[in-house]
Novice: 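Quick one: this structure, given as structure tokens, is what I'll be asking you about.
The figures here come from the full heavy-atom set of this structure, side chains too, leaving out hydrogens, waters and symmetry mates. Everything quoted here is computed from the prediction, not taken from an experiment. Labels below follow one simple rule: chain letters A, B, ... track the order of the sequence lines, proteins then strands, and each chain is numbered from 1.
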Amino acid sequence: MTCDDESPPVALGHTLTRAFYARPTLEVARDLIGMVLVHHTVAGTTAGVIVEVEAYIGESDPACHAASGFSGRTAPLYGPPGHAYVYLNYGVHYLVNAVTEPEGAPAAVLLRAVEPIRGRDLMSRRRGALAPRVVTDLCRGPGNLTRAFGISRSHNRRDITADRLVIVDCGFTRPARWTQRIGIRVGTGRRWRCYAVDSPAVSRLPRTGL
DNA sequence: CGTTCGATGCACT
DNA sequence: GTGCATCGAACGT
């Protein structure tokens with residue numbers, strides 16, 4: 001795979017099915033490393049290899065939004081797997097998750113970073129004045145990722161097994177490592193962050209140790 | 001209705 | 001390392 005915008009569309013490989021997402025969240029999280037996130041819009045297509053994710057599992061996980069139970073906000077987590085859960089964080093950044101587990105079990109995988117493989121220029125334009133020079137920084141961090149991909153609130157509850165926002169298996173394999181999750185104040189003991197050890201696009205290291 | 005606060009990112013010390 | 005933008009959901013009054 002090249003990082004050139006002139007490369008052909010990400011057409012080879014198959015779009016991940018609902019069965020893929022309807023599994024234990026940690027398995028889904030690990031398997032998502034190396035998969036390709038693709039977003040088709042009228043402005044163009046952006047795509048990138050997923051290199052960093054975090055799992056948020058159930059009402060007993062204090063860092064999962066479902067810890068406060070079912071509500072209008074958390075409803076997507078309880079909904080069918082293979083749908084997007086998008087919310088606004090700190091009033092500034094949209095964060096995108098892939099809902100996992102069978103319907104009724106609230107859980108999701110947060111997409112934290114991808115390596116751009118298509119639509120770099122579009123990503124850069126969407127990042128605007130704050131666009132980085134380094135390509136691998138375009139989608140480094142969950143807020144930067146959604147900004148570069150043009151993902152916002154309108155994508156909440158969208159089906160990601162069809163349509164224009166999907167994740168595709170292109171056969172890439174990346175060595176991965178588990179560490180504790182980032183940026184949360186509770187549930188930090190759970191080592192539910194998974195990232196590709198060889199990727200320059202992975203966001204900051206854990207606050208304490210690995 | 002008012003207050004709190006967060007799965008971030010960036011500027012700044 | 002700290003400060004802060006900015007907003008909607010949740011919760012207390």
Novice: Tell me whether the OP1 or OP2 atom of B:dG9 has a side-chain N or O from A:R140 closer than 4.0 Å.
Specialist: no
Novice: If you compare every side-chain N and O of A:R73 against the phosphate oxygens of B:dC5 (OP1, OP2), does one of them come in below 4.0 Å?
Specialist: no
Novice: Report yes if the ring of A:Y90 lies under 5.5 Å from the six-membered base ring of C:dA5 with planes under 30°, and no otherwise.
Specialist: no
Novice: Do A:H83 and A:Y21 have their ring centres less than 6.0 Å from each other?
Specialist: no
Novice: Does the side chain of A:T136 pick up a donor-acceptor pair with the side chain of A:E115 at under 3.5 Å?
Specialist: no
Novice: Over how many whole Å does the gap from A:R181 atom CZ to B:dA7 atom P extend?
Specialist: 10 Å
Novice: Is there a salt bridge (Lys or Arg N to Asp or Glu O under 4.0 Å) between A:R193 and A:E52 once you walk through the steps?
Specialist: CA-CA 7 Å; A:R193 173 179 184 244; A:E52 184 186 356; 2.9 Å; yes
Novice: Assign each of A:N89 and A:R153 to its nearest nucleotide of DNA chain C by heavy atoms, then name whichever residue's nucleotide is nearer the 5' end.
Specialist: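 This one resolves to A:N89.
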Novice: Taking atom P of B:dA7 as reference, at what distance in whole Å does atom OH of A:Y87 sit?
Specialist: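 The distance from OH of A:Y87 to P of B:dA7 comes to 5 Å, rounded to the nearest Å.
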Novice: Under 3.5 Å, is there a donor-acceptor pair linking the side chains of A:R18 and A:T161?
Specialist: yes
Novice: B:dA7 P sits how many Å from A:L145 CG, rounded?
Specialist: 17 Å
Novice: Compare the minimum distances between each of C:dA5, B:dG9, C:dA10 and the side chain of A:P142, then state the nucleotide with the smallest one.
Specialist: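 Closest nucleotide to the A:P142 side chain: B:dG9.
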Novice: Given atom CD1 of A:I57 and atom C1' of B:dA7, what is their separation to the nearest angstrom?
Specialist: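 These atoms are roughly 14 Å apart.
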Novice: Report the distance from atom CD of A:E52 to atom C1' of B:dT8, rounded to the nearest whole Å.
Specialist: 12 Å
Novice: Given atom CZ of A:R193 and atom P of B:dT8, what is their separation to the nearest angstrom?
Specialist: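 Distance check: A:R193 CZ to B:dT8 P gives 11 Å.
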Novice: Would you indicate which nucleotide in B:dA7, C:dA10, B:dG6 comes nearest to any side-chain atom of A:L110?
Specialist: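 Output: B:dA7.
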Novice: Between C:dC7, B:dG6, B:dC10, spot the one nearest the side chain of A:L88, thanks.
Specialist: C:dC7
Novice: Quick check against the 3.5 Å criterion: does A:N97 have a side-chain atom that pairs as donor or acceptor with the backbone of A:Y85?
Specialist: yes
Novice: To the nearest Å, give me how far apart NE2 (A:H65) and C1' (B:dA7) are.
Specialist: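 Between C1' of B:dA7 and NE2 of A:H65: 6 Å.
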Novice: Taking the side chain of A:H93 as its heavy atoms from C-beta onward, which of B:dA7, B:dG9, B:dG6 lies nearest to it?
Specialist: B:dG9
Novice: Report which part of the nucleic acid A:N97 touches: base, sugar-phosphate, or nothing (heavy-atom distance under 4.0 Å, all strands).
Specialist: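 Touches a base.
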Novice: Between C:dA5 atom P and A:Y94 atom OH, what is the distance in whole Å?
Specialist: 19 Å
Novice: With respect to the side chain of A:N144, which nucleotide from B:dA7, C:dA10, B:dC10 is positioned closest?
Specialist: B:dC10
Novice: Need the pair for B:dT8. Rule: Watson-Crick or G-U wobble, both distances under 3.5 Å, any strand; none if unpaired.
Specialist: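 Checking every strand shown, B:dT8 finds its partner in C:dA5, with both distances under 3.5 Å.
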